[in-house]
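In this text, all values refer to a predicted model and were calculated from it rather than measured experimentally. In the text below, chain A, chain B and the rest are named by the order of the sequence lines, each starting its count at 1.
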Amino acid sequence: DAMVIQNPRYQVTQFGKPVTLSCSQTLNHNVMYWYQQKSSQAPKLLFHYYDKDFNNEADTPDNFQSRRPNTSFCFLDIRSPGLGDAAMYLCATSRPTSGFNEQFFGPGTRLTVL
Amino acid sequence: LAKTTQPISMDSYEGQEVNITCSHNNIATNDYITWYQQFPSQGPRFIIQGYKTKVTNEVASLFIPADRKSSTLSLPRVSLSDTAVYYCLVVRQRSGATNKLIFGTGTLLAVQP
């Protein structure tokens, strides 16, 4: 089945140690999104790629960066994780050219910062 | 984008119909109303989307009055597995462009036996 895959599902890192989360998709969607969801809060959009074009949200900290080497993969890099960055990170995809704006979410990666 | 307001939580029993109302007073002409469902430790999942009147699919119905300032998600005969957070979103539809999802607080629906 076509899907959005996130690895790993659980990630533990140390305060200040860089960490990379990965997302892959078999849907061939041209847009990929990264959301941060803290405990008992709603998902918050960090940035997205429309094809190769990177679009950062105005309030996303510089500590968060992203790479998209090809259509299928997208990475979230946290350069120096702080305790406040512990959260679930959700990857999503969409295909705006289909005329329909449904986003397909992966299962998320839960990040713990020690 | 129009801000949405919905109840923080709702309780129901198995087999009942559940109606979750969302207000979006500042909705614009190009905006659609979209609902997502999120189970614990999973990503949100699209449920239904509408522009006006009534939309029905195999999961839910969406009722939107003529002024479009509110909408109601209706879940028929809920079961325990419908316990989740339900998000109401207003999404600006632009052909070929990215449509951002701005999540509000959501409604935690708890279904009891």
Next on the checklist: Quick check: do A/Trp34 and A/Phe64 have side-chain heavy atoms less than 4.5 Å from each other?
Outcome noted: no
Item to check | A/Phe54 ring center within less than 6.0 Å of A/Tyr49 ring center | outcome: yes
Checklist outcome for this item: Note: vs chain A, highest number of non-hydrogen pairs under 4.5 angstrom among B/Gly104, B/Ser41, B/Pro44 is B/Pro44
Item to check | chain B contact via A/Gln6 - side chain, backbone, both or neither, heavy atoms under 4.5 Å | outcome: neither
Item to check | Choice from A/Pro43, A/Ser40, A/Ala92 maximising heavy atom contacts with chain B below 4.5 Å | outcome: A/Pro43
Checklist entry - With distance as the sole criterion, is a donor-acceptor pair present between the side chains of B/Thr21 and B/Thr72 under 3.5 Å? => result yes
Next on the checklist: Just so I know, are the side chains of B/Gln37 and B/Phe39 near enough to count as touching, which here means a heavy-atom distance under 4.5 Å?
Outcome noted: yes
Next on the checklist: Using the rule that Ile, Leu, Val, Met, Phe, Trp and Tyr join whenever any side-chain heavy atoms are under 4.5 Å apart, tell me whether B/Val91 and A/Tyr33 fall into a single cluster.
Outcome noted: yes
Checklist entry - Where do A/Gln36 and A/Gln41 land on the side-chain hydrogen bond (donor to acceptor under 3.5 Å, both in side chains) test, with the steps shown first? => result CA-CA 9 Å; A/Gln36 178 193 63; A/Gln41 296 184 21; over 6 Å; no
Checklist entry - Is the charged tip of B/Arg68 near the ring of B/Tyr51: under 6.0 Å from the six-membered ring centre and within 45° of its axis? => result yes
Checklist entry - Just wondering, are more than 12 heavy atoms of other shown residues or ligands nearer than 6.0 Å to CG in B/Asn57? => result yes
Next on the checklist: I'd like to know if A/Glu57 and A/Lys44 make a salt bridge, using a cut-off of under 4.0 Å between side-chain N and carboxylate O.
Outcome noted: no
Checklist entry - Under 2.5 Å between the SG atoms of B/Cys88 and B/Cys22? => result yes
Item to check | Side-chain donor-acceptor contact under 3.5 Å, A/Gln103 with A/Ser94 | outcome: no
Item to check | Residues in residues 104-114 of chain A that sit under 4.5 Å from chain B, counting heavy atoms only | outcome: A/Phe105, A/Gly106, A/Pro107, A/Arg110
Checklist outcome for this item: Within residues 76-91 of chain A, the residues sitting under 4.5 Å from chain B by heavy atom, in sequence order, are A/Met88, A/Leu90
